[in-house]
Amino acid sequence: CGSVMTIFGMMLPLLNGFLQSVQSEALQALTLVGYMALKLGFEKIGRVLASRLGADAMPCFMFVASYCYELNLCHTLAKGFSWLQFIELLAFDAIENGYHVWSLSRHWGEQQDVADTAARGRQYFIVTELLIREFIEVLVVLQFLVDLIIMRFIRPEFNSLVCSVTDLEFQTMALLLFMDLAVEMLIALATHSFLVRHGFSPIRTLRGLIASYFPVFFVCSCAISMYYMSLQLTQFGMDNTFQFLWLSQPSAQWRCGLTWEVA
């Protein structure tokens, strides 16, 4: 829990605030590398724990890591960046997915030896990680799109993400997310085809994972969603740019969300 709150609850939102405050595209692109570095660092912690506690807890660990990362990524895309940075964020996902496919291919010769339980375990560990990632990458973007549309039309003045955007800006925001969803679905279909072609049953395996870990998955998804939504809520005052105009400027007037105007 400590690593989850430190990396995804504190460090990623702080990176979001830094991205909002810098103007240089080169510095923004460099900062985006930190998103992937933090996620990989979290997954490394998970592998260390798995070597001591066993692999049974890893699906939950991977679910939390992927869910937090993707939800934070959706928030980042919704705030608007250049097309180059949009492509950079999508490239991170594609490269990580390609790495897992390559890792699975490295152990391919081991699949022929069905008596090698350790080899089969390594393969299914990688398959499990791939399936959870692809499932989350599609599910979270779709969920965020629905949440975004609801927040836009129901009490938008209390949400810092949508309260001050124009209709055109909101359409651009939705377009970026729909493009992200389309790319994630294409990657998921390619991964599914790859696994089926090599003798795995990805749909059956994913159904088994969800059935086995559904209570944990459900509680974690609700808790993570509520936490990230609270960062946008006016009443919580989560100004990750650390300007806090309502404190530093006594004459500031609230406009909406976390937007204040100095008279």
Using atom types as modelled and distance alone, determine if a side-chain donor or acceptor of Ser230 lies under 3.5 Å from a backbone N or O of Tyr227.
-> yes
For a quick test of your reading: what N or O donor-acceptor pairs under 3.5 Å do the side chains of residues 147-154 make, sequence neighbours left out?
| residue | atom | partner | partner atom | Å |
| --- | --- | --- | --- | --- |
| Arg152 | NH1 | Val162 | O | 3.0 |
| Arg152 | NH1 | Val165 | O | 3.0 |
| Arg152 | NH2 | Val165 | O | 3.3 |
| Arg152 | NH2 | Asp167 | OD1 | 2.8 |

Residues forming a ring-ring contact (aromatic ring centres under 6.0 Å, His included) with Phe218, sequence neighbours excluded =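 Once residues adjacent in sequence are excluded, the partners of Phe218 under the ring-ring contact (aromatic ring centres under 6.0 Å, His included) criterion are Phe214.
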Phe63: what forms a ring-ring contact (aromatic ring centres under 6.0 Å, His included) with it, not counting sequence neighbours?
-> Tyr67, Phe217
Does a side-chain heavy-atom distance below 4.5 Å link [X] with [Y]?
X	Y	result
Cys68	Val64	yes
Ile132	Pro59	yes
Leu131	Leu195	yes
Pro202	Val127	no

Looking at residues at least two apart in the chain, or sitting in another chain, which of them share a side-chain hydrogen bond (donor to acceptor under 3.5 Å, both in side chains) with Thr128?
->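 Partners of Thr128 under the side-chain hydrogen bond (donor to acceptor under 3.5 Å, both in side chains) test: none.
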Set of side-chain hydrogen bond (donor to acceptor under 3.5 Å, both in side chains) partners for Gln171, sequence neighbours left out |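 Gln171: no side-chain hydrogen bond (donor to acceptor under 3.5 Å, both in side chains) contacts found.
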To the nearest 0.5 Å, what is the distance between [atom1] ([X]) and [atom2] ([Y])?
X	Y	atom1	atom2	value
Asn72	Ile224	CG	CD1	11.5 Å
Thr191	Phe200	OG1	CZ	13.0 Å
Leu130	Phe135	CG	CZ	15.0 Å
Ser66	Glu129	OG	CD	7.5 Å

Check [X] against [Y] and note the closest heavy-atom contact, atom names and distance.
X	Y	result
Leu177	Cys74	CD2-O, 4.0 Å
Ser221	Ser225	O-OG, 2.8 Å
Val138	Ala188	CG2-CB, 4.3 Å

Does Met229 CE have over 12 foreign heavy atoms under 6.0 Å away?
-> yes
Can you hop from [X] to [Y] via hydrophobic side chains spaced under 4.5 Å?
X	Y	value
Val146	Leu161	no
Ile136	Ile95	no
Met226	Leu139	no
Met185	Phe178	yes

Set of residues satisfying salt bridge (Lys or Arg N to Asp or Glu O under 4.0 Å) with respect to [X], sequence neighbours excluded:
X	result
Glu157	Arg155
Arg204	none
Glu137	Arg133

Give every residue pair that meets the side chain to side chain donor-acceptor pair (under 3.5 Å) criterion with at least one member in residues 172-185, sequence neighbours excluded.
-> none
Check disulfide (SG to SG under 2.5 Å) between Cys163 and all other residues, then give those that pass, not counting sequence neighbours.
->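 If we apply the disulfide (SG to SG under 2.5 Å) test to Cys163, skipping adjacent residues, the hits are Cys256.
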Taking only residues two or more places apart in sequence, or in another chain, which ones meet Ile203 in a side chain to side chain contact (heavy atoms under 4.5 Å, CB included)?
->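 Here the qualifying residues are His192, Arg207.
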Single hit among Leu186, Leu145, Leu176 for side chain to side chain contact (heavy atoms under 4.5 Å, CB included) with Leu181 =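 Only one option passes, and that is Leu145.
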